[in-house]
Amino acid sequence: MPKALFYFHEMKIQRVKPNVVTFSTLLDAFCKEGMMQEAAKFFEDMKQLGLRPNEFTYTSLIDGYCKMGSLNEALKLMNKMLQAGVPMNIVSYTALVDGLCEAGRMEEAEEVFKEMLKGGVAANQIFCTSLIHGYFKAGKVEKAMDLIKEMRGHGMDPDISFYGTLIWGLCNNGKLDEAKLLIGKITAEGIHANHVIYTILMHASFKAGHKVEGLNVLKEMQDMGVVPTVVTCGAVVDGLCKSGAIEEASTYFNWMEDMDLETNLLVYTALIDGLCKNNFLGEAEKLFYQMVKEDLAPDEVSYTSLIDGNLRHGNFERAFELRNEMINNGIKLGLKTYASFIWWLCQFNQVEQARVFLNEMNEKGVLPDEAIYNCLIRKYHELGNMDEAIAVQKEMIERGLFNGISDCVVTNEQM
DNA sequence: TTAGGGTTAG
């Protein structure tokens, strides 16, 4: 990116005028880095220079906003695009629908799909794969299957990414066996599963509690000549940690070096979390600082893992120290960080301190979830402080988080 | 010449 910008400025110095393609290329690079403010600035700059953004320019921006979860910005851009007389094509629609699917906004995605067809733009395999991913993610297996049938009816030939999505969807909807059968079927048809598909299957096996099976998938993958990536190893380390096989997890973590694979934040965090949850807090702390030494900047997730580890061991002082370190490094506490503080403070009967965190969440605009409220209500109730239990439950109801079937302990009569 | 889909962490 800095090199690209250097050439861009060099162009200006040499009085070579950048055109729409030059701007779109740079703008797309900013979007892919998640630097949307810079991208938006380039967008304005090019218009100022009298250049007319085209479907490529708009699509990069729509995709960028979608990837960072700013769906409303993306939708606004679609309208701007149409107003500017630049028609949406299948690529622009795919970027938008994929964003809506990722955010679980399936009704809107279907609406956009209808509009697309009305406008005479035909769906293709990439578009359908995005929509199928959305349906699976939302647990709408039947809808996903219907669309797959329709795709076949339209003569679309499924590719490896499509199968990746399908296998992921089956695994995430409790159909691990069907996913395995499907891999066998496509292999027989001459389509070879790749590292992504094996990683999906392995992760699903571990998640279902089948440790041996998970490791078998890794072995099968290697036997088939598919080389594990850092993502594969991350899934192995995480899977083993969650199975309580912490020593094996450490072995695979070190194995990455033998494989010439560079570890990343995710793999470190998986192992740090595993160490914390398996009573190796000292090792977790050591690994955390080894990670920092390797220039991997801890994020909210890695801090939360270590904070949670300290809290579960009653090391409140250290947890607060890490919280401060996190803030000093410009990382905001998220829902999981607050949930961890509130949960463990309640477990150690420090309900007032937990309440301070709930208040802080409200001040900072982090929406608490049902579990956080229930945890506090239960603890207040247990300690005999019904006034506060009722007050917290009222807040929960006001926020629309009380669905009446949760295990809240304050009944209507008591309120 | 520039844009879209599947995998891992609290």
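Order of the sequence lines sets the chain letters (A, B, ...), proteins ahead of strands, with each chain counted from 1.
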State whether the distance check finds a donor on one side and an acceptor on the other, under 3.5 Å, for side chain [X] versus base [N].
| X | N | result |
| --- | --- | --- |
| A:Ser24 | B:dT2 | yes |
| A:Ser305 | B:dG10 | no |
| A:Thr165 | B:dG6 | no |
| A:Thr304 | B:dG10 | yes |
| A:Asn54 | B:dA3 | no |
| A:Ser60 | B:dA3 | no |

Across the strands shown, which category fits [X] at heavy-atom distances under 4.0 angstrom: base, sugar-phosphate, nothing?
| X | value |
| --- | --- |
| A:Leu131 | nothing |
| A:Phe162 | base |
| A:Ile90 | base |
| A:Thr199 | base |
| A:Ile160 | base |
| A:Ile200 | sugar-phosphate |
| A:Lys277 | sugar-phosphate |
| A:Asp299 | base |

Report yes if a side-chain nitrogen or oxygen of A:Lys137 is closer than 4.0 Å to either non-bridging phosphate oxygen (OP1 or OP2) of B:dT7; otherwise report no. no

Per the side-chain hydrogen bond (donor to acceptor under 3.5 Å, both in side chains) rule, which among A:Lys47, A:Gln48, A:Lys41 passes with A:Asp45?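 The passing option is A:Lys41.
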
Would you mind reading off the distance between A:Asn278 atom CG and B:dA9 atom C1', rounded to a whole angstrom? 15 Å

Quick one: do the A:Asn54 and A:Thr57 side chains pair a donor with an acceptor below 3.5 Å?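 Checked: A:Asn54/A:Thr57 side chains pair up, N/O donor to acceptor below 3.5 Å.
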
Among B:dT1, B:dG6, B:dT8, the nucleotide that comes nearest once only the side chain of A:Asn19 is considered: B:dT1

